[in-house]
Amino acid sequence: MIFAKQAKLSTGWAANVRLSMDDGRVTQIETNQKAQPSDVSVDTLLPAIANLHSHSFQRAMAGMTEYRMAGKDSFWTWRDLMYRFTANLTPEHVEAIAAFVFLEMQEAGYASVGEFHYLHHQPGGAPYDDLGELSGRIAAAAAQTGIGLTHLPVLYTYGGAGQVSLQDGQARFGNSVDQFITLVARANEIFADLPTDCQVGIAPHSLRATSPDDLKTVLGAHRSGPVHMHIAEQPKEVADIEGWLGARPVDWLLANVEVTPDWCLIHATHMTADETTNLAKSGTVAGLCPVTEANLGDGPFNGPAYLSAGGAFGIGSDSNVLISLTEELRTLEYSQRLRDIARNVMVVDEGSVGETLYCGAAIGGAQALGRGAGDISVGGLADLVAIDSTAPSLCALRHDQILDGLVFASKDDVVTEVWSAGRHAVQSGRHVKRGEITAAYRSAMQSLIASL
C-alpha cells in the first residue's frame with residue numbers, strides 16, 4: 001500500500017490517498033484516508049513518465065563530442081564520431097552501460113524506457129553466435145534495475161537514402177529483412193523471462209536506412225505492438241528523402257503506410273504546417289527529445305500547431321548526453337519560447353504549461369511504449385513517482401501549481417520514490433542497487449577507455 005498526502009489521479013488532485021497494487025497494477029484507490037503503519041508514505045504521488053526513446057550506449061560518450069573542429073560541426077559530424085566509438089563496445093560494456101543508464105532514468109523519475117536498439121553485431125559486422133546477444137544484454141540490464149522496458153530492435157539495412165550501401169561504421173547495425181525478422185523472434189524468446197510489462201516492438205530506423213519494399217515486408221511480419229521510426233530530424237534528411245521518394249518524409253509515410261496509434265515518430269522536427277496537422281490527426285505519438293535535439297542542433301518542434309490539432313507527444317533522452325526528466329520538459333517549452341519570442345507556449349488556449357507538458361508526456365509516452373499507464377487509475381500499470389513538495393523549489397506552491405514548479409523550478413532530486421509496474425526500485429531518492437550497478441559501470445568504463 002502507498003499513502004500519499006496528495007496525488008494527481010486520472011480524475012484530478014486528491015488528498016490523503018491510499019493506493020493498493022497487485023501483479024503490477026493499481027487495484028484500489030481511496031481518498032481522505034489515514035496512513036497505516038505498513039504503508040509506504042509519500043508526499044506527492046504522480047503518474048510516472050515513460051522515456052520513449054533511448055540509445056543507452058551513447059551515455060558512455062557524453063562529453064566526448066563537445067570540441068569544435070575546423071569547419072562547421074553538425075549532426076552528421078557527431079554521427080561519424082559516434083560510429084567510431086561503437087567499434088570499441090563489447091557485450092559486457094553494453095550491459096553495464098545500459099544498467100547504469102536505466103538506474104539514472106529511474107532516479108530522475110522515469111518508470112519505463114523505449115530502447116531504440118541498433119547495435120546488433122560484432123565490430124566489423126559479423127553476427128554473434130547468438131543473433132540476440134546484445135538484445136539479451138539490454139534485457140539483463142532491465143532485469144537488474146527493474147525498469148519497464150519496451151525493446152525496439154532496429155532495422156538498419158542501408159547507409160542512406162536510395163539504398164546506399166552501409167558505411168564501415170554502420171556495419172554493427174546492419175540486417176537484411178529476413179535476418180531482422182529472425183532477430184525480433186529471438187528477442188521475443190529472451191523477453192519471455194522478463195516481467196510481463198516488458199515487451200518487444202520494432203524500429204525501422206528511418207526512411208533513409210530502409211526501403212519501401214523492405215518496410216512493407218517488416219510491417220507485414222509485425223502484426224501488433226509498438227513501431228518506432230526516426231523521421232524528419234535534419235533538413236538534409238528531408239531533402240534526401242524528397243529527392244529519392246518524391247515527397248517529404250512525413251508526407252510520404254502518411255500517404256504510403258498505415259500509421260496507427262501504435263506508432264511513434266521520433267524527431268518530427270522539420271515539418272510543414274500540413275504535415276504537422278496530418279501527423280497529429282493520425283493518432284500516432286511524436287517522440288520528442290529536446291535535450292538531445294538541442295545538443296545536436298536539430299531545431300525546435302512545431303509544438304503549438306501540433307497541440308492545437310490534438311496531437312499526442314512524449315519525451316525521450318535519446319543520446320543520453322544528460323538524463324533529466326525535468327530538463328527535457330522545460331527544454332521543450334523553452335525551445336518554443338526562443339523561437340516564438342513568447343512565454344507559456346505549449347498549452348492550448350489557457351491553462352498550466354507544466355501540467356500540459358507533464359501529463360501530456362505521461363499519456364503519450366505510455367501509448368508509445370504500449371504500456372497501460374500514463375495516469376493513476378484502477379486497472380492501470382503501477383508506474384508511479386513520488387516527489388517531495390516540501391522541497392525549497394516547491395514548498396510555496398499550491399497543489400495546482402506543483403507541476404509548474406516541478407517542470408520549471410526543480411531538479412530531479414525532488415524525486416523520492418519510483419515504482420515500475422509496482423516494482424519499488426527507487427527508495428528515498430536512490431536506486432536500491434545503486435552501489436553494485438555504479439561499480440560495474442565504472443569498471444566497464446575503465447576497460448573501455450583503455451581500448452580507445
Side-chain angles (χ1 to χ4, degrees), residues 1-4 7-10 17-29 39-40 42 45-54 56 98-99 101-115 138-152 187-188 190-201 224-226 262 264 285 314-317 325 358-359 361-387 415-427 430-434 437:
M1 296 284 290
I2 301 171
F3 174 82
K8 184 70 167 68
L9 307 178
S10 60
V17 174
R18 293 191 79 225
L19 181 147
S20 302
M21 298 176 288
D22 186 49
D23 196 26
R25 295 189 176 274
V26 177
T27 56
Q28 186 177 35
I29 299 172
D39 291 347
V40 177
V42 302
L45 191 68
L46 304 171
I49 288 180
N51 182 337
L52 56 65
H53 188 68
S54 163
S56 60
V101 168
F102 294 166
L103 173 153
E104 286 191 292
M105 291 175 184
Q106 289 168 294
E107 290 188 344
Y110 294 111
S112 57
V113 60
E115 182 65 15
I138 300 298
Q144 186 177 16
T145 59
I147 201 167
L149 173 62
T150 296
H151 187 57
L152 299 159
N188 274 299
I190 293 167
F191 271 61
D193 294 328
L194 290 184
T196 56
D197 64 291
C198 297
Q199 62 180 302
V200 177
S224 63
D262 286 334
C264 179
V285 177
I315 58 168
S317 58
L325 186 156
Y358 190 95
C359 295
I363 294 293
Q367 176 184 327
L369 298 195
R371 296 180 69 80
D375 61 18
I376 303 178
S377 57
V378 172
L381 278 179
D383 284 358
L384 307 168
V385 60
I387 62 171
V415 171
T416 60
E417 318 288 321
V418 173
W419 291 263
S420 300
R423 298 181 293 274
H424 193 183
V426 174
Q427 301 178 17
R430 290 175 61 86
H431 196 283
V432 294
K433 294 185 178 179
R434 167 168 267 280
I437 291 173

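- Counting only distance, with no hydrogens or angles, the side chain of Thr145 and the backbone of Ala99 share no donor-acceptor pair below 3.5 Å.
- Listed here is the closest heavy atom pair of Ala386 and Trp419: CB-CZ3, 4.4 Å.
- Looking at Met21 and Leu384, their side chains come closer than 4.5 Å, going by heavy atoms from C-beta outward.
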Point to revise | Audit row: Phe3, Val40, side chain to side chain contact (heavy atoms under 4.5 Å, CB included) steps and yes/no | key: CA-CA 6 Å; Phe3 174 82; Val40 177; over 6 Å; no
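- Atom OG of residue Ser10 and atom CD1 of residue Ile29 lie 6.5 Å apart, to the nearest 0.5 angstrom.
- Taking CG from Asp383 and CG from Leu46, the interatomic distance works out to 13.0 Å, rounded to the nearest 0.5 Å.
- Looking at heavy atoms from C-beta onward, Gln199 lies in side-chain contact with Pro226 at the 4.5 angstrom threshold.
- The closest donor-acceptor contact from the side chain of Arg423 to the backbone of Gly146 lies under 3.5 Å.
- What you find for Arg371 and Gly148 is that their closest heavy atoms are NH1-CA, 3.5 Å.
- Across all non-hydrogen atoms, the minimal contact from Ala50 to Ala366 is CB-N, 4.1 Å.
- Using a 4.5 Å cut-off on side-chain heavy atoms (C-beta onward), Ser54 and Met105 make contact.
- Judged by distance alone, with hydrogens and angles left aside, the side-chain atoms of Glu115 form a donor-acceptor pair with the main-chain N or O of Ser56 at under 3.5 Å.
- With contacts defined as side-chain heavy-atom distances shorter than 4.5 Å, the pair Thr150/Leu152 qualifies.
- Nearest heavy-atom pair across Ile315 and Leu325 is CD1-O, 4.2 Å.
- Taken to the nearest 0.5 Å, the CD1 atom of Ile147 stands 9.0 Å off from the CG atom of Leu103.
- A donor-acceptor contact shorter than 3.5 Å links the side chain of Asn51 to the backbone of Ser317.
- To the nearest 0.5 angstrom, Ser420 atom OG is 8.0 Å from Asp197 atom CG.
- A 4.5 Å side-chain heavy-atom check between Ser112 and Leu149 finds every atom pair outside the cut-off.
- How far SG of Cys359 is from CD1 of Ile49: 8.0 Å, rounded to the nearest 0.5 Å.
- Within the 3.5 Å criterion, the main-chain N or O of Pro47 finds a donor-acceptor partner in the side chain of Tyr358.
- Rounded to the nearest 0.5 angstrom, Leu194 CG and Ile138 CD1 are separated by 11.5 Å.
- Closest heavy-atom contact between Ala4 and Leu45: CB-CB, 3.8 Å.
- With a 4.5 Å cut-off on side-chain heavy atoms, Val426 and Glu417 do not count as touching.
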Name the atoms and distances for all side-chain donor-acceptor pairs under 3.5 Å in residues 373-381, with sequence neighbours left out.
residue	atom	partner	partner atom	Å
Asp375	OD1	Ser377	OG	3.1

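- Under 3.5 Å, the side chains of Asp22 and Thr27 contain no donor-acceptor pair of N or O atoms.
- Proximity of Arg434 to Glu107: side-chain heavy atoms (C-beta onward) are separated by under 4.5 Å at one or more points.
- Looking only at side-chain heavy atoms (C-beta outward), Gln144 and Lys433 come within less than 4.5 Å of each other.
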